[in-house]
Amino acid sequence: MIPRITGFLHGGDYNPDQWLDRPDILEKDIELMHAAHVNCVSVGIFSWAMLEPEEGKYDFAWLDQVIDRLYKGGIYVILATPSAARPAWMAQHHEEVLRVNTQHLRMHFGERHNHCLTSPYYREKVRQINTALAQRYAAHPAVILWHLGNEFGGECHCPLCQQAFRDWLKEKYTTLENLNQKWWTAFWSHRYTDWAQIEAPSLLTDRSNLAMRVDWQRFMSHQCKTFIAAEREAVQSVSPKLPCTANLMERFWDYDYFSLAESMDIVSWDSYPEWHNEDNIAEAAEFAMNHDLMRSLKKQPFLLMESTPSQVNWKPRNKLKRPGMHLLSSLQAVAHGSDSVQYFQWRKGRGGSEMFHGAVVGHDGTGDTRVFRDVAQVGKTLEKLEKAVYQKPVKAQVCILFDWENRWAIDFAQTGQKGNMRYFDTVNMHYRALWEKGIAVDFCDMRESTDLTGYKLVIAPMLFMLRGGMEEKLRDYVQNGGALVMTYFSGMVDEYDLACLGEAPHGLTDVLGIRATELDALYPGQENGLVTEEGRYGITELCEILQLKGAKVLGTYESDFYAGSPCLTHHTFGKGQSWYLAAKTEQAGLNALYGHIADALEIDKALPDQLPCGVVAAKRGDCVFVQNYTHRAQTLQLTGKWINLLTDVPAEAEIAPFGVWVLQKA
Ligand code: GLA
Ligand code: ZN
């Protein structure tokens, strides 16, 4: 994946430019990196003002020294392009680089991650500095990867972006008439007669046009994608072989990550779970999904680009990681496909808002801290696991559909639990039911190239929008023997966010053997129930009413005027089968459903054994990562003989609180 690299990367964001007046500290860093088993740092992420102190005048002398010193010390460098924050002179002389917010106010200089993605001047300045960096460092033996910008996000409403939006729309719809039709602008007299009348949805403009809002997200996503592509093009025009990444974020909504991933060679992301809650298990389930989603973007191992060695500084309460948690959470990423454990940050700065953010090295400047020892332990562990795990694939027989455009459309839809339909959380609940059983999961979206063949089970929660011919793909998949799970609020609009006419879920009623007729919303605290042969599971938020069209009823509603009517169904279609879940059940309902499905389809699990609640297993290559997310030691009885690669002895019966094992068959 990364030329020359044969093992896990371990290190983090390094800001030597904050310490140039302290050569003693920079010297000490290398020594401490060795002690921490760190082999790689990311440099220059926010260094633009140091690299180009005056417009057109570059100063690379300090960076030459930093990179040479790291190289001599045997530390690899991930070199950043500095586009995530601008020098003050640029904002002073070229206002267009500054974003205009949703109230149409142009921001002033300050903060970061807030440049206009359209500004031709900004794009040109980025191209120039990226090219200069590449010419100087792409061939340096220390440099292994480009880190493009940092955590891209947000939107800009400046005149340049508005015009680019109109151009993008013209390209997509060709004529205004077509746009008016697809946007259903006869509604509220919103018909456009001139392209210039179109303004991006904002607090001051139109938010009633849902199709436009989805298009605006697509457009901003497209701007970001082309921005990243242009950054990559600049550095790779000098040295095509050096791969590029851009660090992504958790639960990220603004841009379509499946699409952005096409502009990079390697996916990386920044993971900041809140491990200190009573319910670490829900947090672990969510972050396992985040990791799997990142792995799925390119169907290859990813890099954990940032995580904290101890605490963050931006939550209302910034708790420490409990003993054991650092190794456990780092290996969770590895188990799900990460080929690195990188931190924000190597060393705490003396000032600025992140001076108290967790770091490998604190203000004491020593390696004699709990955090430092935890980091060194992770480093040593990664060295140990290199042979068995590095670059190894995660093989999944289950695929969950998670689609950004569908997500935007769901969040804009004004019905049901308006503005709070909880798509991400719902997908995570389906995921969690499998994760707890040790079943590996891939994700895919609805792009044309999505291929479902080969999966034993496909799950499509809340598939509200259909695009990319997904209904035909799902039909073929089931027809040819696949197993499909779908839920309420599916197959309702097309890719233009126009309601599908006819019975819902559109194009799939025969595949599912049901027809969805109405969607009911429950008040907070209100419950219905799903009653099956085995028991009763609570229902909150959403209940859809079904009409049977051949499916078999597995469960019915407990109460309300639709009591006794179907809530969970099963249907055979072609050589395959489908389940339809009409309501938002509690987790236990999903656990029971997927328990049956996994058994019926004989889906592979990391371990055949039933593990205690809060202990999960995940498989990568032929290693099984057993993870205890509870505050208690837990007793396990495993079938077969296993060696724990972390201790080189057979797996014991008891796993420590926040303990982790990496097992291989003995
Ligand atoms: C993000 C950023 C970093 C830093 C960390 C703090 O991930 O990329 O620069 O601000 O958050 O947790
Ligand atoms: Zn703009």
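Read the numbers this way: they start at 1 and go in the same order the structure lists the ligands and their atoms.
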Identify whether the distance between the nearest side-chain nitrogen and carboxylate oxygen of Asp339 and Arg620 falls below 4.0 Å.
yes
Is the closest basic N to carboxylate O distance between Asp265 and Lys298 below 4.0 Å? no
Rounded to 10°, the SG/Cys116 to the Zn ion (ligand 2) to SG/Cys156 angle comes out at 120°
Q: Report yes if the side chains of Asp270 and Phe344 come closer than 4.5 Å at any heavy-atom pair, otherwise no.
A: no
>> What verdict does the salt bridge (Lys or Arg N to Asp or Glu O under 4.0 Å) test give for Lys348 and Glu354, after you've listed the backbone C-alpha separation in whole Å, the side-chain angles of each residue and the deciding distance to 0.1 Å?
In response: CA-CA 8 Å; Lys348 284 182 186 175; Glu354 293 188 322; over 6 Å; no
Original post:
Taking atom OH of Tyr71 as the centre, does the number of heavy atoms from other residues, nucleotides or ligands within less than 6.0 Å exceed 12?
Top reply: no
The angle formed at the Zn ion (ligand 2) by SG of Cys158 and SG of Cys161 is about (to 10 degrees) 110°
Sorted by chain and residue number, the residues with a non-hydrogen atom under 4.0 Å of ligand 1 are Phe46, Arg112, Asn150, Glu151, Asp270, Tyr272, Glu306, Trp314, Phe344, Glu354, His357
Can you find a pair of side-chain heavy atoms, one from Leu327 and one from Val660, that are under 4.5 Å apart? yes
Checklist line | N, O or S atom of His157 closer to the Zn ion (ligand 2) than 2.8 Å | finding: no
Are Val334 and Thr381 side-chain neighbours, meaning at least one heavy-atom pair lies under 4.5 Å?
-> no
